[in-house]
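Quick caveat: nothing in here was measured; it's all calculated off a predicted structure. Naming convention: chains lettered A, B, ... in sequence-line order (proteins, then strands); numbering from 1 in each chain.
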Protein chains: 2
Amino acid sequence: MKNLQVTIDVSDKLFVRNPDASILGQKIIRNAINLIDKLGFEAFTFKKLSIAIGSPESSLYRYFENKHMLLLYLTNWYWSWLEKKIVLETLNIESPIVRLEKAITVLTEPVLEDISVSYVNEVLLNRIIIAESAKAIHTKEVDKENRKGCFDSYKNMVNRVAEIVHEVNPRFKYPRMLVSTLVEGVHQQRFFLKHLPALTDSREGEDSITNFYIQLFFKMIS
Amino acid sequence: MKNLQVTIDVSDKLFVRNPDASILGQKIIRNAINLIDKLGFEAFTFKKLSIAIGSPESSLYRYFENKHMLLLYLTNWYWSWLEKKIVLETLNIESPIVRLEKAITVLTEPVLEDISVSYVNEVLLNRIIIAESAKAIHTKEVDKENRKGCFDSYKNMVNRVAEIVHEVNPRFKYPRMLVSTLVEGVHQQRFFLKHLPALTDSREGEDSITNFYIQLFFKMIS
DNA sequence: CAAATTTAATAGTATTACTATCATTTAAAA
DNA sequence: TTTTAAATGATAGTAATACTATTAAATTTG
């Protein structure tokens, strides 16, 4: 695992003021991640966040319109981070099939070690994505937000992997459907494993989720 | 498509008073489905529901603890309904592989026609499941609610199909993971198709989602 | 150093998510 | 058919949420 001390760009449609560009902004992100992970997105409020930070609530609104936009920011950050990881892992590799294997590994392996150096804790963020990211998409404003580019990071990441699939098998018709099925499925199953194990045939310890989806993926494209 | 005028049982852990057993209760369910579909779960409130029904807000709390429990009730109703559909479709069929094909068809085909006779509109309910069901599961109370049996309908349905998979191929190790991947994936992709089509390779009209998942399913178990 | 920008401190509002009380209607039991 | 119980209606009230507004202090930039 390479250490990724790179800046992650997030679309400026997602914030009022860029949290990456100030100390308060970075404090907001760091504490938001901790709090959302601890309380869950429903119980998480700007009031509680402001207390954790020690700044007035009104200051938070100068960075994010509301907690939904903050969640969108975090999800976008995560998908950009994953894409960057994929790019680094597949760099300078000739064989498309090896590149695809590397990419799929990044998408299916658990995010375990804390490789974060910056103000973003990727392990906690991964947990937030698993538990809360569905809420960022499933709103009545999806279409408007989609037009604004609020899901571009996700689309870009999916497209990048889908392109490798296309290289490996140009005749396969559903590369993006396969990649998004894989990504969402892995997250879903990790949540089930932890909370509704009756829906999985997996056990903590052995990583049957990774195995299952890698198998699924390559069966589909061959 | 058979007309299913059968009663659907939902665990009594999910409600304070059984909405199925009174006119007001049925009005609550009918209007809740309409409102959640129209407003989305976030904007949906007991206040608005009470106005739609013409009863005081306090009356709603005599049926459901809060709107989250109401959503849980609806999701459970849906999974029980789907399971009943599967049971009816596979009744008196000898061949396990044909039974499995029928079951998978029920799980993957779109819910289009309004076959509802009772107070539950299954077409709207299906839309609610696609758009909102993730929110019923992704809460900090999952584990407690799981112990109470709040997800039994879902588990039962998945298990029933997983058992047919086992009949067809007893050596396949992940029947439940495969079934839940299929169910969740189909819903996810239907949502993407409507709102984030860039994540799909599917188009409105031709049903590549159904095709994709049927293909995926049988490639995995063979 | 002056000007502009950012943050702190405080206050205030409409809405949400409930809880409580009591009168009235409806249904079931005697 | 009366009596009783259960369900509903009507109304009120509260703490918390999700903001908006204003002004003062601090910090950064030119």
Original post:
Is there a donor-acceptor contact under 3.5 Å linking the side chains of B/Thr181 and B/Tyr213?
Top reply: no
Original post:
Going by the angle between their ring planes, with limits at 30° and 60°, are B/Phe191 and B/His195 parallel, tilted or perpendicular?
Top reply: tilted
Original post:
Taking atom P of D/dA16 as reference, at what distance in whole Å does atom NZ of A/Lys48 sit?
Top reply: 10 Å
Original post:
When you check the phosphate oxygens OP1 and OP2 of C/dT7, does a side-chain N or O of A/Ser22 lie under 4.0 Å from one of them?
Top reply: yes
Original post:
When we call it a touch if two heavy atoms are under 4.0 Å apart, what does B/Phe46 touch: a base, just sugar-phosphate, or nothing?
Top reply: nothing
**OP:** State whether A/Ser55 places a side-chain N or O below 4.0 Å from either non-bridging phosphate oxygen (OP1 or OP2) of C/dA8.
**Re:** yes
Original post:
Taking CG from B/Leu70 and P from C/dT16, how many angstroms apart are they, rounded to a whole number?
Top reply: 16 Å
**OP:** Specify the separation, in whole Å, of atom CG of A/Asn66 and atom P of D/dT20.
**Re:** 9 Å
**OP:** Find the distance B/Glu42:CD to D/dT17:P and express it as a whole number of Å.
**Re:** 16 Å
**OP:** Starting from P on D/dG9, measure out to CZ on B/Arg17 and report it in whole angstrom.
**Re:** 11 Å
Original post:
Base, sugar-phosphate alone, or nothing: which one does A/Lys67 contact when heavy atoms must sit under 4.0 Å apart?
Top reply: sugar-phosphate
Subject >> Closest approach of A/Asp201 to B/Pro175 (non-hydrogen atoms, all atoms of both residues) >> reply: OD1-N, 3.5 Å
Original post:
How close or far is atom P of D/dA15 from atom NZ of A/Lys47, stated in whole angstroms?
Top reply: 15 Å
**OP:** Using atom CG of A/Leu60 as one end and atom P of C/dT6 as the other, report the distance to the nearest whole Å.
**Re:** 16 Å
Original post:
A/Leu24 CG to C/dT7 P: how many Å, rounded?
Top reply: 5 Å
Original post:
How about A/Lys155: does its NZ atom have over 12 heavy atoms from other parts shown lying under 6.0 Å from it?
Top reply: yes
Subject >> Nearest-nucleotide 5' precedence on DNA chain D, A/Phe44 against A/Arg62 >> reply: A/Phe44
Original post:
For A/Ser59 and C/dT7, is the shortest distance between a side-chain N/O and OP1 or OP2 below 4.0 Å?
Top reply: no
Original post:
Once the angle between the rings of B/Phe15 and B/Phe64 is folded into 0 to 90°, is it parallel (under 30°), tilted (30 to 60°) or perpendicular (over 60°)?
Top reply: perpendicular
Original post:
How do A/Ile23 and A/Ala43 order along DNA chain D: which one's closest nucleotide is nearer the 5' end?
Top reply: A/Ala43
Original post:
Would one find a side-chain N or O of B/Tyr63 under 4.0 angstrom from OP1 or OP2 of D/dT8?
Top reply: yes
